[in-house]
Trainee: 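What follows is a structure written as structure tokens; I'll ask about it next.
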Protein chains: 2
Amino acid sequence: MPTATSPPQSAIQNHLLAALPEDIFERIAPHLELIPMPLGEVLYESGGQLHHAYFPTTAIVSLHYVMENGASAEIAGVGNDGVVGISLFMGGNTTPSRATVCSSGHAYRLKARLMMEEFNRAGPMMRLMLRYTQALITQMSQTAVCNRHHSMEQQMCRWLLFTLDRSPSHELIMTQELIASMLGVRREGITETAGDLQRAGLISYRRGHITVQDRAGLEARACECYNVVKKEFRRLLREA
Amino acid sequence: MPTATSPPQSAIQNHLLAALPEDIFERIAPHLELIPMPLGEVLYESGGQLHHAYFPTTAIVSLHYVMENGASAEIAGVGNDGVVGISLFMGGNTTPSRATVCSSGHAYRLKARLMMEEFNRAGPMMRLMLRYTQALITQMSQTAVCNRHHSMEQQMCRWLLFTLDRSPSHELIMTQELIASMLGVRREGITETAGDLQRAGLISYRRGHITVQDRAGLEARACECYNVVKKEFRRLLREA
DNA sequence: TCGGGTATGTGCGATATCGCACATACCAGC
DNA sequence: GCTGGTATGTGCGATATCGCACATACCCGA
């Protein structure tokens with residue numbers, strides 16, 4: 001732990017850090033910095049240099065692509081089940097996507113050099129990061145398929161469920177505008193869909209807050225993508 | 001080279017094999033089998049075991065996902081610039097997607113065990129495979145964004161260009177039905193779009209054959225996704 | 001408590017794609 | 001040269017989402 005005063009999160013709250021063998025965790029622990037991740041912060045820009053790897057505890061980060069005309073779409077989300085900055089060890093050092101904080105919270109960060117050093121030992125850290133990358137690939141693939149074939153309501157339910165899984169509470173702090181930009185759809189469409197879900201008793205919301213009332217109901221309205229990705233994460237990372 | 005009689009392709013036709021340092025290439029070369037890849041062959045099924053890694057020379061392989069209701073969509077394509085079977089070394093051994101041959105030709109294949117052995121040396125083969133995986137991730141991400149925001153015509157042009165880049169000639173052997181299933185759209189939509197492109201003089205076609213007449217014209221009608229992915233492949237794999 | 005900025009609600013025509021039905025045309029193989 | 005199976009062409013109503021315009025309502029902070 002980097003600080004003497006106990007932080008509001010422990011590194012164990014990030015599943016990847018928790019899954020590391022003790023000796024490796026103790027080697028990197030002194031270098032883990034717990035930092036606040038305010039809503040909207042840009043962790044890296046398309047093509048930009050990465051200086052740290054981020055292991056979210058309570059924050060949620062969105063990897064998305066912004067097109068020439070300004071429209072954008074989320075490619076994948078990263079919460080306490082993952083790490084931001086895989087291109088550090090995959091070799092390219094940058095990616096054409098952007099990473100921003102879409103739900104504020106905290107994360108542990110690790111300097112790029114240290115991350116790469118540990119990865120290059122070609123031991124458990126490397127194997128864990130590669131398995132996680134494989135899970136992330138599944139998430140991205142499923143996003144592609146989902147964007148092609150599933151309705152806005154299905155996609156919104158899927159997105160809420162993923163976000164819920166990575167959140168400490170049942171209340172999500174986010175505007176409909178934010179959700180729309182994540183899914184790459186119109187804000188008005190989200191307003192309508194959210195209204196439907198609220199009338200059905202699945203969620204309730206007020207200005208910038210969404211509370212999930214009926215998780216099973218959301219799962220029933222979500223597309224298969226939610227479960228495919230969730231199962232694959234469990235399969236690949238159950239080593240923990 | 002595995003055979004004494006010179007095969008129609010040389011391993012050098014696969015860019016990844018060509019990019020390997022000589023000593024490593026010579027170590028695996030005796031184990032590379034040149035095999036024919038007939039149209040429609042399934043290299044692996046969702047969740048199925050992988051017995052080989054495939055390095056296409058003239059064949060093109062499509063990674064796609066088939067949904068519960070039977071609809072499907074391509075996630076990424078692999079040609080002589082890549083390898084099929086990254087989950088072998090990423091750790092999961094399987095993926096929820098399917099790989100099928102969408103343009104017949106040949107590929108070199110390498111037994112899973114040998115692939116993993118070489119990867120686990122944590123040397124140039126590992127670094128090359130990881131860089132390729134990073135490029136593949138870009139392709140998948142861009143597919144997700146493209147599915148969300150770009151028109152069928154833009155997507156068809158993008159797809160034709162990628163296929164052309166991986167083909168030995170300007171004539172592609174494929175039906176409109178096939179293209180439709182790759183893009184996850186209706187066959188009739190492809191018929192209409194193909195008609196437009198032919199009237200514009202960009203392509204010409206007949207029953208199962210498409211010939212590209214004006215590559216620059218296709219590029220002009222394709223979305224930015226084509227160039228983003230192409231540049232990223234070049235950046236990551238220019239080491240060759 | 002009161003305002004102002006922002007989040008949400010609603011309506012409506014435009015558009016792209018879908019789903020289905022069926023017509024036509026090609027060409028491989030007899 | 002036929003012919004059957006398959007690939008391609010075409011039409012049309014249904015649907016989902018978009019793009020825009022504007023109304024309303026919330027809640028934060030002065």
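What you see is a predicted model, and the numbers here were worked out from it, not measured in a lab. Labels below follow one simple rule: chain letters A, B, ... track the order of the sequence lines, proteins then strands, and each chain is numbered from 1.
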Trainee: If you assign B:Arg199 and A:Gly189 each to the DNA chain D nucleotide with the nearest heavy atom, which residue ends up on the more 5' nucleotide?
Mentor: B:Arg199
Trainee: Would you indicate what B:Glu188 reaches in the nucleic acid, counting non-hydrogen atoms under 4.0 angstrom: base, sugar-phosphate, or nothing?
Mentor: base
Trainee: So B:Thr175, base contact, sugar-phosphate only, or nothing? Heavy-atom distance under 4.0 Å.
Mentor: sugar-phosphate
Trainee: Using the closest heavy atom to pick a nucleotide of DNA chain C for each, name whichever of A:Met174 or B:His150 lands nearer the 5' end.
Mentor: A:Met174
Trainee: Under 4.0 angstrom, heavy atoms only, what part of the nucleic acid is B:Arg187 near: base, sugar-phosphate, or nothing?
Mentor: base
Trainee: Side chain of A:Thr58, backbone of A:Gly105: donor and acceptor closer than 3.5 Å?
Mentor: no
Trainee: Over all strands shown, is A:Gly208 touching base, sugar-phosphate only, or nothing at heavy-atom distances under 4.0 angstrom?
Mentor: sugar-phosphate
Trainee: Both A:Arg148 and A:Thr191 contact DNA chain C. Which one's nearest nucleotide lies toward the 5' end?
Mentor: A:Thr191
Trainee: Would the A:Tyr108 and A:Tyr54 ring centres measure less than 6.0 Å apart?
Mentor: no
Trainee: From CD of A:Gln176 over to C1' of D:dC26, roughly how many Å is that when rounded to an integer?
Mentor: 13 Å
Trainee: Decide whether B:Thr193 and B:Glu153 meet the rule of one side-chain donor and one side-chain acceptor closer than 3.5 Å.
Mentor: no
Trainee: Taking 4.0 Å as the cut-off, does a side-chain nitrogen or oxygen of A:Arg207 come that near to OP1 or OP2 on D:dA25?
Mentor: no
Trainee: Salt bridge or not between B:Arg215 and B:Asp165? Use side-chain N to carboxylate O under 4.0 Å.
Mentor: yes
Trainee: Look at atom CD of A:Glu188 and say whether more than 12 heavy atoms of other residues, nucleotides or ligands are closer to it than 6.0 Å.
Mentor: yes
Trainee: In whole Å, what is the span from the CD1 atom of A:Ile173 to the P atom of D:dC27?
Mentor: 12 Å
Trainee: Would B:Gln198 and B:Ser204 count as having a side-chain donor-acceptor pair, cut-off 3.5 Å?
Mentor: no
Trainee: For chain A and DNA chain C, what are the first and last nucleotides along the strand, 5' to 3', with at least one atom under 4.0 angstrom from a heavy atom of the protein chain?
Mentor: C:dG5 to C:dT10
